[in-house]
Each structure stands twice: as structure tokens, then as C-alpha cells.
There are 2 protein chains.
Amino acid sequence: MKASIYDVARYCGLSVVTVSRVLNNTGNVREKNRRKVLDAIEALDYRPHAAAQSLARGHTRIIGLMMTTLHDRFFETVVNEINRALARYGYFLALSVSSDVRSRETHDLMHEDRVDGLILLSLPEEDRYVAQLKKRSIPFVLIDNQRRDHMVPSVLTDNYYGGYEAAKHLLSLGHTRIAHVCGPEYFLSTRERKRGFLDALREGGLSPFAVVQGDYEIGFGYNTAKSWIRSGKLPTAVFAGDDYIAVGIVNALAEEGMRVPEAMSVIGYDDQYIASRLRPYLTTVRQPAENIGQSSVELLLKWIGAGSTASVTVEWKPELVIRESTAPLKA
Amino acid sequence: MKASIYDVARYCGLSVVTVSRVLNNTGNVREKNRRKVLDAIEALDYRPHAAAQSLARGHTRIIGLMMTTLHDRFFETVVNEINRALARYGYFLALSVSSDVRSRETHDLMHEDRVDGLILLSLPEEDRYVAQLKKRSIPFVLIDNQRRDHMVPSVLTDNYYGGYEAAKHLLSLGHTRIAHVCGPEYFLSTRERKRGFLDALREGGLSPFAVVQGDYEIGFGYNTAKSWIRSGKLPTAVFAGDDYIAVGIVNALAEEGMRVPEAMSVIGYDDQYIASRLRPYLTTVRQPAENIGQSSVELLLKWIGAGSTASVTVEWKPELVIRESTAPLKA
DNA sequence: TTGAAAGCGGTACCAT
DNA sequence: ATGGTACCGCTTTCAA
């Protein structure tokens with residue numbers, strides 16, 4: 001049987017209160033007694049009962065994380081960083097991965113007493129949750145939220161800036177026939193990247209070679225490039241909505257014996273694993289996932305600690321990473 | 001303030017015992033009273049306090065999962081499946097990702113009262129934990145464990161079989177100059193796959209063209225292939241230790257204008273995301289991640305439920321997935 | 001069928 | 001500096 005705080009108290013001939021005190025470093029305890037308690041704890045291999053502490057203290061030191069998929073380098077990194085940051089503050093991570101927004105487990109995490117707070121990582125239909133969370137007054141933070149108008153604590157990256165920088169880079173290389181192959185319209189990030197892209201081109205006095213919309217999938221990039229090739233009309237540079245699309249484009253060109261960046265410059269987004277592993281290494285726009293994960297934890301814990309609902313928004317700038325897949329336009 | 005079971009009892013004019021009974025579907029409650037309770041719960045938006053339940057019941061309905069990285073399709077899928085299976089049984093998932101075996105958060109999950117059980121997903125130095133877990137008598141299951149000799153409940157795949165099947169496939173295609181580019185020796189899986197590969201070749205009266213050892217990385221496959229090309233001595237087929245190595249090989253060949261499978265057959269392992277997305281689609285060996293995740297949960301919950309330590313081992317057979325990257329040897 | 005009361009293992013207020 | 005005790009919210013005997 002596991003030792004309780006009473007066992008410890010009995011063992012060292014002191015009261016549970018004193019034991020509790022040394023456990024929590026609170027109040028004054030005579031050094032001699034402190035040692036006795038510590039020894040007793042050691043001898044009995046005692047560790048406080050989490051549920052009992054939660055019940056007495058009114059909080060769990062558990063933070064919930066809700067997300068839809070783990071298959072994304074950016075998400076993985078964020079999760080990792082959240083995990084690390086929480087551990088540093090002595091919190092635990094409860095994870096709920098569910099692509100089905102309405103599924104049961106997702107909601108179960110939202111009990112106010114299960115978790116001290118919640119992080120919502122790029123959740124579609126985030127409004128569904130925000131309303132509930134507010135009603136139950138559970139502290140929460142949104143990462144990469146879809147709407148920017150509601151007043152909720154959130155951490156996001158400037159996708160407009162990312163798209164803008166990507167286009168600028170291509171323009172600075174002398175390209176004029178530039179296409180954008182982007183993801184689904186319903187993502188705010190998609191729309192923002194596109195808007196940045198378009199603005200940059202406009203400033204350069206250009207209009208896009210094409211703007212094609214589809215999924216964030218290798219296959220979509222592949223098919224798009226193939227259809228360009230079939231039509232015989234190719235851009236000289238393309239801004240892909242993410243690295244997977246970019247890789248798909250490179251893949252299709254390679255099959256036709258066309259090299260990147262010689263035949264076409266390609267820039268991706270997200271700096272996924274393969275972006276820096278597969279030749280040609282991809283020029284891409286990296287989101288500072290580490291900072292994002294950390295900010296979200298700090299924001300959340302600040303809320304929990306202060307009880308303040310001060311709706312702060314932290315925005316990070318993405319970073320252009322220039323590698324092999326973009327090059328100056330050949331005259 | 002959140003409603004407690006006392007509020008509910010008061011609201012419906014019954015005792016907390018009765019409320020508890022309808023909550024847990026235990027004991028007999030008059031249908032009329034049952035309705036009253038249900039209505040009160042509804043009216044007060046009551047949900048039981050998790051910590052209080054845990055304290056009273058002696059368990060948490062939380063299962064911990066310890067792993068070292070999320071960046072792996074196989075792991076992701078397993079995590080997803082565990083998450084789903086757990087939810088189905090009304091359990092929650094506490095995740096700890098940590099590549100540092102000695103890190104603090106990893107150990108914190110091992111408190112017997114934090115979690116009802118633990119799943120260790122392909123953890124190096126698993127012995128460290130197993131000893132602790134046994135000592136504290138926390139139920140646990142190992143997935144993809146590194147040692148097969150100790151008597152612990154575990155779920156694994158037959159890597160020997162996978163390596164054997166991969167080699168057989170290549171042999172059946174008429175290849176005789178077959179190489180194996182494998183991962184680090186310290187993984188049991190690496191050794192088993194290699195053993196299966198070697199045995200199959202031996203049965204075919206062949207010895208390998210080469211066995212090269214390195215990391216499970218695209219770059220390793222790439223470099224290996226490049227060095228073959230430089231030396232001018234190439235195998236006609238290669239069994240890569242995993243898909244990343246395989247993709248690296250394909251990538252290197254492509255750069256030299258050599259096509260897969262025409263110039264060389266390549267078979268991977270794990271059926272990672274890119275295996276079925278990047279042309280040529282990879283022939284590979286898939287581990288049934290879904291089944292594995294599910295088995296681990298079932299094994300663990302059975303242990304928890306029965307209190308039995310019956311050390312069961314579940315072994316799954318991997319499956320050969322034939323796609324585009326392997327072809328008959330041209331005469 | 002129902003309820004009073006005793007835990008479960010801590011924390012914290014209030015005396016001493 | 002230390003300890004008695006009420007309490008956190010729920011489950012579980014045991015009687016009625």
C-alpha cells in the first residue's frame with residue numbers, strides 16, 4: 001500500500017500539517033523537524049496523492065491541448081514545445097487529437113475541473129469552443145486562430161507578411177511570371193498568405209501568372225505542375241502554399257526532366273521535415289513554432305495565475321529561409 | 001460557482017447518495033426520482049468533479065503515454081489510435097514527449113496516482129522504466145520494445161518477417177545484386193529486419209551486394225546512393241531500412257538521371273506519408289499502427305481491470321505494400 | 001429504495 | 001513553530 005501523508009506524520013512523530021508545510025515550503029518549520037520529515041518521506045517513498053491535492057487546492061496542474069492532427073511538422077514542434085514549457089512550470093499535458101470536431105473525447109477535456117486551462121491548436125470551428133470555454137470560465141489560448149476579430153487570447157503568425165516576403169523574394173530574383181498554388185480558402189492562413197502575395201506583386205506592378213487553389217497535399221502540387229506542363233505554359237517561379245505542395249511541383253517537374261531552380265523557382269511554406277532533406281532543399285517560410293508554443297503556455301499560465309482575462313494577442317513574424325529551390329531568373 | 005453534488009441533491013430534494021447512484025447507474029433508484037435527479041443535473045449544468053471522483057474511487061481514468069518523438073508517421077498513427085481507443089473507454093490521454101530519457105517531466109508521469117497506467121512507445125532504455133513501474137506496481141504496456149527477453153506485456157511487430165518479405169519480394173522480381181541500407185544497430189527493429197533480409201537471401205543462395213548502416217534519414221540514403229554512383233558499382237535492388245532512407249536513394253538517383261524502378265528497385269519500410277505521395281510511390285512494408293495502438297490500450301485496460309499481471313505479448317505481422325518503386329529485373 | 005456517515009489524502013484557518 | 005480540525009466533492013458501506 002502506498003504511504004499517505006498520515007503515515008509520514010506518524011513515522012516522524014509530527015503532524016500532517018507540518019509534513020504538508022515542508023512539502024510545500026510554506027510556513028515555518030524548525031530545521032530539525034524539517035529533516036525528520038524529509039527522512040520519513042524518503043524512508044516511506046512517499047509522494048503526495050495528485051487527486052487529493054487537486055481536490056484540496058482546487059486545481060489540477062493539467063493543461064489540455066486540443067488539435068486535429070499530429071501529422072504536421074509545425075504542429076509537432078508546437079506540441080513538443082508546449083510539453084516542454086509546461087513541464088518547466090510543473091504542469092502536465094493532456095492531449096486530445098480529433099479531426100472530428102463533434103467527437104466525445106474532445107468535449108470531455110473541457111470540464112473545468114479536469115484541466116486548469118486549455119490550448120486550442122489551429123482548430124476549425126473554434127467558435128464552438130470559445131463560447132463554451134467562456135461560459136464555463138476555463139482559461140484558454142488559441143493558437144493560429146481562424147478569426148481575428150473576437151477578443152480572445154491568441155498566438156499567431158503573420159501569414160500576410162509571410163506571403164508578402166515570399167513574393168518579394170521571387171520578385172527580387174527578377175521573376176515576372178509568378179504563380180501561387182494555395183490551400184483551401186476556408187483557412188485564414190491561406191487567405192492571408194495569398195493577400196500578402198498579391199500585394200507584393202501589385203507593388204511590383206505585376207499580376208500573377210495564376211492562382212490555383214486546392215489542398216495542402218503533394219498530389220495537388222504535382223497535378224498542378226503537370227497540367228501546366230501539358231498546356232505548355234509555365235510560370236518561371238511559384239509560391240506554394242506549403243512545402244507539400246512545393247515538393248509536389250518539384251516532383252512533377254523532375255519527372256519531365258526539368259530541374260528546380262533552373263527551370264523554375266519554387267518556394268514553400270512551413271519548413272517541413274522534407275524541406276531541408278530532399279534535394280533540392282526548399283526555400284521556404286518558417287513559422288517560429290518554438291516561440292509560438294512557448295508564448296501560448298506563458299499566456300495561459302499568466303491568465304491562470306492572475307485570474308485576469310486580459311485578452312492579449314501575440315503575433316510572431318515568420319522567417320524566409322533561402323535554400324536551393326529559388327534562383328535568379330535566367331535572362 | 002460550479003455546482004456540486006450537494007447542490008444537485010438539495011435542488012431535487014434527494015440525498016447525494018441517490019444522485020451518485022443515478023450518476024453511476026448503480027443501485028436501484030425509483031424512476032420518478034431518477035428523472036428528478038436528471039432534471040436537476042440538467043438545470044444546474046452539473047458535472048462531477050474529476051479530482052473528487054479520483055480521490056474517492058482510487059483511480060484517475062488517465063493513461064500516460066511516454067515517447068521520444070512525434071515526428072514519425074508510425075508513431076503519430078499509434079498515438080492517434082491510442083487516443084481514440086482510450087476515449088472509447090472513457091479514458092484520457094496524458095502525453096509526455098521527451099527525447100531526453102532522464103528529463104523531469106517523463107518521470108513525473110510515473111506517479112501511481114497520476115495515471116492508472118502507462119504506455120511506453122518505443123522507448124530506448126526501457127529497462128530504466130520497467131523496473132520502476134514494476135516496483136510501484138503501475139500497470140503498463142510496452143510498444144515496440146527493444147528487448148524481447150523480459151516478461152512484460154508488450155505489443156510489437158515482427159520485423160524479422162518484414163525484412164524477410166521485403167527481400168523475398170525483390171528476389172521474386174529476379175534481382176540478385178541486392179543491397180540493404182539500414183538504421184542504427186542499437187534498435188532491435190533494425191537488427192531484426194536485417195536478419196530477415198539476410199535469411200531470405202541465404203535461402204535464395206545469395207549474399208548481399210552490400211549492407212550499409214547509418215541513420216533513418218533521407219540524407220543517409222542519399223549519400224549512400226551517391227557513393228555507389230561514384231564508385232560505378234550499383235546494386236539492381238535495395239531494401240532500405242525505412243522510407244526516408246528509400247526516398248533519399250530515389251532522390252540521389254533522380255539527380256543523376258536514373259529512374260526508379262527502371263534503373264534500380266527500391267523498397268522502404270513504415271509506409272510514411274511521403275511513401276504514397278511522392279512519385280515514384282514507394283513499395284514498402286507497413287506496420288499495422290492502428291492495430292498496435294488498439295492492442296496496447298486493450299492489453300493495458302485488461303490489466304487494470306483484472307489486476308492480473310499476466311504478461312501477454314501481442315505480435316502483429318507487417319504487410320508488404322507493392323507500389324511503383326520495384327519492378328522485375330530487366331534481362 | 002433511500003440516506004447518514006465515514007472515508008479518500010491532502011490543504012489551510014485558527015489556536016496554542 | 002506546531003497541531004486540531006474543518007473542508008474539498010464524491011463513493012461506499014451499513015441501517016433503516
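Proteins come first, then strands; the chains are lettered A, B, ... in the order of their sequence lines, and each starts at number 1. The shown structure was predicted, so the numbers you read here are calculated from the model rather than taken from an experiment.
Under the 3.5 Å distance criterion, with hydrogens and angles disregarded, a donor-acceptor pair is assigned to the side chains of B:Asp116 and B:Thr60. Between the side chains of B:Gln132 and B:Arg128, not a single donor N or O lies within less than 3.5 Å of an accepting N or O. With hydrogens and angles left out, the side-chain atoms of B:Arg34 and B:Asn25 include a donor and acceptor closer than 3.5 Å.
In this entry the distance linking NZ of A:Lys2 with P of C:dC8 reads 13 Å, nearest Å. In this structure, B:Leu55 atom CG and D:dT11 atom C1' are separated by 10 Å, rounded to whole Å. In this entry the distance linking NZ of A:Lys36 with P of D:dA1 reads 16 Å, nearest Å.
Scanning residues 39-50 of chain B for heavy-atom distances under 4.0 Å to DNA chain C yields an empty list. Of the residues in residues 19-32 of chain B, those lying under 4.0 Å from DNA chain D by heavy-atom distance are B:Ser20, B:Asn24. Listed by residue number, A:Ser4, A:Ile5, A:Tyr6, A:Val17 are the residues of residues 4-18 of chain A with a heavy-atom contact under 4.0 Å to DNA chain C.
Close to D:dT11, at under 4.0 Å from its OP1 or OP2, lies a side-chain N or O of B:Gln53.
Residues B:Glu126 and B:Gln146 come closest through the heavy atom pair OE1-N, 3.0 Å.
Atom-to-atom distance recorded for A:Ile63:CD1 and A:Leu118:CG is 8.0 Å, nearest 0.5 angstrom.
Checked options B:Val37, B:Ile5, B:Asp7; the residue passing with B:Tyr46 is B:Ile5 (criterion: side chain to side chain contact (heavy atoms under 4.5 Å, CB included)). Test B:Leu65, B:Leu121, B:Ile119 against B:Ser296 for side chain to side chain contact (heavy atoms under 4.5 Å, CB included) and you get one pass: B:Ile119.
Under 4.0 Å is where a charged nitrogen must lie from a carboxylate oxygen, and between B:Arg286 and B:Asp270 no such pair does.
Remark: B:Glu42 CD is loosely packed, at most 12 non-hydrogen atoms of other residues, nucleotides or ligands lying under 6.0 Å away.
Seen from the ring of B:Tyr273, B:Arg73 does not count as a face-on cation partner, given the 6.0 Å and 45° thresholds.
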